[in-house]
Each structure stands twice: as C-alpha cells, then as structure tokens.
There are 2 protein chains.
Amino acid sequence: MTTTERPRRADAERNVKRLLEAGAQVFASTGTALPLEEVARVAGVGKGTLYRHFPTREHLLAALLAATFADLADRAAQLRAELEPMQAYEAWLAEFDRMPAGYRGLRSVLVEALGDDASVIATACGPMKEETARILADAQAAGMVREDITANDLLAVVAGLPEGLRRGAEAHPWLGVLIDGTRTPASARSTR
Amino acid sequence: MTTTERPRRADAERNVKRLLEAGAQVFASTGTALPLEEVARVAGVGKGTLYRHFPTREHLLAALLAATFADLADRAAQLRAELEPMQAYEAWLAEFDRMPAGYRGLRSVLVEALGDDASVIATACGPMKEETARILADAQAAGMVREDITANDLLAVVAGLPEGLRRGAEAHPWLGVLIDGTRTPASARSTR
DNA sequence: ACCTGAACACCGTTCAAGT
DNA sequence: ACCTGAACACCGTTCAAGT
C-alpha cells in the first residue's frame, strides 16, 4: 500500500516475480509454514535473494496475500453498497470466513495478525478492517448488532473458528452461531 | 489415564519427575513452543532421556496438562450436579475459557487436539469432552440450546477464541456472544 | 546495486558407547 | 535396562566474494 515503489534493476524485479510465483505454489501445497529454502529453490534463486526481498516469512506472506486482501476489501465495500445493513453484515462475514479455506494455517496467521497492529500482515489487512468497521457500524446504528464489539475483534473471532469444522463442502453452524450471538439482545432492545 | 504403569528403574522414575518439573517451568515461561533442549538442560538430563520418555512435544505437553484436564473434568461434573442445565452450561464454558490464560499457544494447541481424535492430547481431553457432552445434552434436552452442535466442536470454538481478546483482567464479550448464539432460536421454539 | 551459495546457528532427533 | 552426549539433519540467517 504505502510501499515506496523505487525503480529496481531488471534482474531484481524478475527475481521478485519468480519468488512470488514460487511462494504462491509452495504456500498452496504446504500452508503458512512454507519452507523458505524451498521457495528460493523453486524460484531458482539463492536464499540470500529471498532474504533481501522478504526479510521475514511474514513479509512474504503479506505480499502473497495482498491481492486477496485488497479484493476482499472491495467485495466488502460492494456488499455494503448493495445490501441492507444486517444483510451486508451477514454476507460479508460469510465471505471472510470462506477465504482461508484450503490454506493450512492461514486462520491462525490471521488471528495473530489481527491481534498485533504492528504486524506486517495487519497492514495489508487495513482496508479490509476499515470496510468491516463501516459494515459493523451500519448494523449497530440500525440497532441490529450489540454495541460492545469491535470490527477488529469480530474478524479475529471469525478467523479463529477452527479449520476442522468444515467437513467436506457442507456448511457448519458456527458462523450462524456467532452472527446470532452478536445480535442486539431482546432485553437491550426493549429496555433502551 | 489408561497408561500401563510398568515398574521403572529408580533413576528412570526420578528423571521423569525432573523432566515434568522442568517442563512445567519452561512451559510457563515460554508457552507451548517450549524448546525441548532447554527442558532437558533444566532437568539436568541428556536429551536422549527426554526423548525416551516423551517421544514428541505433544507427549510432554499431554503429561504436563493431564492433571489440569482431569481437574477440569471433575469441575464440569460438579457444575452439572449443582446447577440447572443452562447455568451449568454457561458456568462450565466460562471455566474452560479461562483455563488456557497465561499459557502462550495453549489455545491453538487445544484447537488442534480437539480437531484430531488421534492426537495424544485429545486422549487426555477425553473425560473433559465426555462431561461437556453431558452438560450440552442436558441443555439441549431442556430446549435451551440448539441441536445442531456437538460437544467437541463447542470446546474447539471456545478454545479458538483469540488470546488477545482479554485486555488486562476485564472480561471480554465474546464468550457471551457464543453462548447467546448457541441458544435455541426463538423461531425454532415457536414452530416446533 | 544486486546475486550467489558457502558458512553459521539453532534445535529437534538418532544412536554408539557407557553404566 | 537405562542414560549420556556426540553426531546428524533440517532449515532459517548471514556475509564474503562475485558480477
């Protein structure tokens, strides 16, 4: 996002591209614990080159996930524009919950990133978090969702739903449980 | 639990005891990623001795957590005996949610263990899971909790609540969100 | 200015030698 | 029968030499 795009030597640029392709491939097959040595090998570059461009595993993961996060932020904005507050809220959480499927370990990486604002991945999540905050605020303003929760924690809790819950393609009840649980309680609606 | 307690040579027994003490100490300060080499060093035994008695990190963790899990199972049984179904349900989940506090990484270890019946730690969780199943069944039989959830997934979802939610000592709203979300929906109560 | 890969460090795991 | 610690393996990280 705010990365300064300095001009790069042609070979450096080519290597970054190869590393991202190799990273995506190894990430898809191995998950978030992807062996960095293998990424360099698949990319056909030295390990030092990987380290020069991506000083930590989180930097590589952030780069690999950046496009997905940006797309998701756009999708959230779209849902907010098209749907009523509570429908947008439910639809967006369902999309967010679906995202980490198939990437081993991504849920816990997301939980960690959402719990540490200083994390490199948290930065990549920024626009997504802002859209979530808007959607949540709309639903709260409409009196549909309890006021004592934050967008950041909401995403963290959804991301923290265990991977194993999805048996085959069938939907699990837990996202619905969470959404129901965040509705404004009947007691609060009548007394206020 | 079902471990066959063979007689052991006196030095072996002493070493196991030392390893468990050292393990508890390192676990408390480092969390679930405790360096095994350090455990052996603190215990004053060779690394080979650690590996002989605890072939994997999970075996060591299971041994370290066994007493806590057994106590929790007893506590669950006690709550079930003393309270009305829904109160027992809420009180038990609150106690279970409090347990991993202070042990870095324990929540995700629990999530993983609850997602894999073959895991060594899952075995240690057995009695706790059985009590949870009874408490859940009671609450469901009383018509208070939705029927489409299982005890195992319930524990996994509670364990999966992010560590970072607890800022200081103040309670977080998310356990309440989950409990509310698992209540039998008003629609189901009226139509059935 | 950037790349390379040997070298280093860390730590989990194995095993030959010892008691 | 069990213990020990050197040796090995794996992999992340650094850096001197090269282009």
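Order of the sequence lines sets the chain letters (A, B, ...), proteins ahead of strands, with each chain counted from 1. Note that these values count all heavy atoms, side chains included, but never hydrogens, waters or copies made by symmetry.
- Separating the CZ atom of A:R18 from the P atom of C:dC3 is a distance of 11 Å, rounded to the nearest angstrom.
- Both B:L61 and B:V39 are part of a single hydrophobic cluster, where members link through side-chain heavy atoms under 4.5 Å apart.
- Proximity of B:L106 to B:L65: side-chain heavy atoms (C-beta onward) are separated by under 4.5 Å at one or more points.
- Near DNA chain D, meaning a heavy atom under 4.0 Å away, there are no residues from residues 29-38 of chain B.
- Distances shown here put every side-chain N or O of A:H53 at or beyond 4.0 Å from the OP1 or OP2 atom of C:dC2.
- A 6.0 Å sphere centred on OH of B:Y103 holds no more than 12 heavy atoms belonging to other residues, nucleotides or ligands.
- As a whole-Å value, the separation of A:L60 CG from D:dG12 C1' is 13 Å.
- A:L64 and A:A24 get closest at one heavy-atom pair: CD2-N, 3.5 Å.
- Atom NE2 of A:H59 is separated from atom P of D:dG12 by 16 Å (rounded to the nearest Å).
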> Please walk me through it: do B:L178 and B:L161 pass side-chain contact (heavy atoms from CB on, under 4.5 Å)?
Replying inline: CA-CA 10 Å; B:L178 258 181; B:L161 289 175; 4.2 Å; yes
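- For CZ of A:R104, the number of neighbouring non-hydrogen atoms (other residues, nucleotides, ligands) closer than 6.0 Å is 12 at most.
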> Does the side-chain contact (heavy atoms from CB on, under 4.5 Å) test come out yes or no for A:L34 and A:R57, once each step is laid out?
Replying inline: CA-CA 8 Å; A:L34 72 181; A:R57 168 178 278 109; 3.8 Å; yes
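- Straight-line distance from the CG atom of A:L50 to the C1' atom of C:dG5: 14 Å, rounded to whole Å.
- Salt-bridge annotation for B:D11 and B:R14: absent, with no side-chain N of the basic residue lying under 4.0 Å from a carboxylate O of the acidic one.
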>> Determine whether B:I149 and A:W174 satisfy the following criterion, side-chain contact (heavy atoms from CB on, under 4.5 Å), listing intermediate values before the conclusion.
In response: CA-CA 8 Å; B:I149 63 176; A:W174 291 100; 3.6 Å; yes
> When you check every protein heavy atom under 4.0 Å of nucleotides 14-19 of chain C, what one-letter string (B, S, -) results, 5' to 3'?
Replying inline: BB----
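- Separating the CZ atom of B:F54 from the C1' atom of C:dT13 is a distance of 17 Å, rounded to the nearest angstrom.
- At a threshold of 4.0 Å, the pair B:E131-B:R134 counts as salt-bridged, since one of the basic side-chain nitrogens sits closer than that to a carboxylate oxygen.
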> For A:H172 and B:D148, what are the C-alpha separation, side-chain angles and deciding distance, and is it a side-chain contact (heavy atoms from CB on, under 4.5 Å)?
Replying inline: CA-CA 9 Å; A:H172 64 88; B:D148 62 347; over 6 Å; no
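- Phosphate contact (OP1/OP2 of D:dC2, side-chain N/O of B:N15, threshold under 4.0 Å): absent.
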> Dot-bracket, DNA chain D: Watson-Crick or G-U, under 3.5 angstrom, [ ] crossing, | other strand?
Replying inline: ||.|||||...|||||.||
